[in-house]
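First comes the structure, then the notes that go with it.
Everything numeric in this text was worked out from a predicted model, so none of it was measured. Letters A, B, ... are given to chains in the order of the sequence lines, protein chains preceding strands, and every chain is numbered from 1.
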Number of protein chains: 2
Amino acid sequence: MPRIPATERRVALARAALVVIARDGLAAATTRAIVAEAGMSLASFHYAVPSREELLRDVVDLVVAEEGTAALVPLLSRAGSVREAARLALTAYLDHVKQDPGHEQAMFELTQHALRTPGLRDLPAEQYERYHALAIHLLNAATSPHHLEWRVPIPDLARLLVTVADGLTLAWLADRDDAAAARTIELAADAIALFADEHVAVSA
Amino acid sequence: MPRIPATERRVALARAALVVIARDGLAAATTRAIVAEAGMSLASFHYAVPSREELLRDVVDLVVAEEGTAALVPLLSRAGSVREAARLALTAYLDHVKQDPGHEQAMFELTQHALRTPGLRDLPAEQYERYHALAIHLLNAATSPHHLEWRVPIPDLARLLVTVADGLTLAWLADRDDAAAARTIELAADAIALFADEHVAVSA
DNA sequence: CTTTAAGTGGGTCAACTGTCCCAGACGAGC
DNA sequence: GCTCGTCTGGGACAGTTGACCCACTTAAAG
């Protein structure tokens, strides 16, 4: 009802689209479902956005921009060892997934859809570059408080971290086996600690 | 044109559906696209299968049944160490993905779709149970030729293996970075070797 | 050969999709 | 207070979808 400039409507639509996708899936995110979520009329959609495809691009941008690891950094310094830091970080990440599984699933659906859509095929690469950058940031943040060096290049280890996080999420979404996921995290933490050179040994 | 019993048509439709999904994505796998691929008339579809949803269930069953690790087993005995075996196995798996990316993407799309569809929500759990079983089989196959024991329960390690394979695939599908994927495999192989207790040391 | 049921094809349906159009309402600048 | 461009609402469009129906052909059983 109120008069809102098109640029504001555009971001509001992207946010609404994300809500719909997380709740009901990408296939259910029709233009009508999106404007309903945003409380707009259908005409506002194409006034604010040229096409649905372009809005999905906005959604990915939004999601990539919002996804942060800021909450994880304090955890790292609190941990007594690299292994413990890795365990806490992965556990916190999985908890985040559990808290809103639809959101994480939305990301996968968006990625898969973008890979199939000619106009969006460049998005997944950007998306994962961002993930890897976040992981690099996280590994760097873990470096100082633990006085450690990594035995392998940080970008490589970052990619492994993203790999584990993705795989962990996928399997948990499929079988919702909390205990099994926790055991996977234990092993992954061991593995990551393997690549750390801890100058100061800390006992458990 | 030829007369074919409904049961045979059903599996033919499932195979055709998989081809379409791998080539054009799940969204493009309409009943019409599937019967076109199978060379049937639209009416045959609902004569052989109650609904599209039921056919998708067949497709997942098909895919889960076909996916084998048989080709990987010989690789394991040829490797000189656990690390090498893990490296070869993951590399072979990734090569398999590279050879037909659409097929692997189809699996992800099917999983995501099943998670969103009430009538198919039980499928992903079965699917991943099968993956984990395959990974267990693979780890067992690696045990004898290398005279080794695993420091952790095989099912736990199997889940980590599937996790890495999934994450590896997802990232590669997104950015197609062969070199980066190869480096991830190196690290993952190190990690897996960490959990092996090799009784007979073999030099490179 | 005849009967019977299985299998086939074409046409059709209602529902839903993304997109567009147009008449009108509103607010900012003169 | 008038005007002009920005924004809004409802309606409509063509295309596509999953499902279905009915009249037909064919193979097998008696």
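Contacts between residues 51-59 of chain B and DNA chain D, counted as heavy-atom distances below 4.0 Å, involve B/Ser51, B/Arg52. DNA chain D lies under 4.0 Å from no heavy atom of any residue of residues 109-124 of chain B. Near-neighbour residues of DNA chain C inside residues 27-38 of chain A, defined by a heavy atom below 4.0 Å, number-ordered: A/Thr30, A/Thr31, A/Arg32. A heavy atom closer than 4.0 Å to some atom of DNA chain D occurs in no member of residues 12-24 of chain B.
Each of D/dC20, D/dC7, D/dG11 was ranked by its minimum atom distance to the side chain of A/Tyr47; first place goes to D/dC7.
A salt bridge is defined here as a Lys NZ or Arg NE, NH1 or NH2 lying under 4.0 Å from an Asp or Glu carboxylate O, and A/Asp190 with B/Arg151 fails to meet this definition. Under the 4.0 Å criterion applied to side-chain N and carboxylate O atoms, B/Arg57 and B/Asp122 are assigned as salt-bridge partners. A salt bridge links A/Glu186 and A/Arg83; the closest N-O separation between the charged side-chain nitrogens and carboxylate oxygens is under 4.0 Å.
For the pair B/Leu42 CG and C/dC13 C1', the interatomic distance rounds to 13 Å; values are reported in whole Å. Separating the CZ atom of B/Phe45 from the P atom of D/dC21 is a distance of 16 Å, rounded to the nearest angstrom.
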Please output the side-chain donor-acceptor pairs of residues 165-172 of chain A that fall under 3.5 Å, not counting sequence neighbours, one pair per line with the distance.
residue  : atom : partner  : partner atom : Å
A/Asp166 : OD2  : A/Tyr128 : OH           : 2.6
A/Thr169 : OG1  : A/Tyr93  : OH           : 3.0
A/Thr169 : OG1  : A/Ala165 : O            : 2.7
A/Trp172 : NE1  : A/Asp178 : OD1          : 2.7

Just distance, no hydrogens or angles: give the donor-acceptor pairs under 3.5 Å from side chains in residues 13-31 of chain B, sequence neighbours left out.
residue : atom : partner : partner atom : Å
B/Arg15 : NH1  : B/Glu66 : OE2          : 2.8
B/Arg23 : NH2  : B/Glu37 : OE1          : 2.4
B/Thr30 : OG1  : B/Ala33 : N            : 3.1

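Here the closest heavy-atom approach between residue A/Pro124 and residue A/Arg121 is recorded as CD-O, 3.4 Å.
Side-chain contact between A/Leu160 and A/Phe195 is present, with at least one heavy-atom pair separated by less than 4.5 Å. Side-chain contact between A/Val60 and A/Glu126 is absent, with no heavy atoms from C-beta onward closer than 4.5 Å.
For the residue pair A/Thr117/A/Glu53, the side-chain donor-acceptor check at 3.5 Å is not satisfied.
Between the side chain of B/Arg130 and the backbone N or O of B/Val64 there is at least one donor-acceptor pair closer than 3.5 Å.
Of the residues A/Asp197, A/Asp156, A/Thr143, the one that meets the side-chain hydrogen bond (donor to acceptor under 3.5 Å, both in side chains) test with A/Trp150 is A/Thr143.
Note that the CD atom of A/Gln127 and the CG atom of A/Leu115 stand 8.5 Å from one another [nearest 0.5 Å]. Note: A/Arg159 CZ to B/Arg183 CZ = 8.0 Å, rounded to the nearest 0.5 Å.
The side chain of B/His46 places no N or O atom within less than 4.0 Å of a non-bridging phosphate oxygen (OP1 or OP2) of D/dC20.
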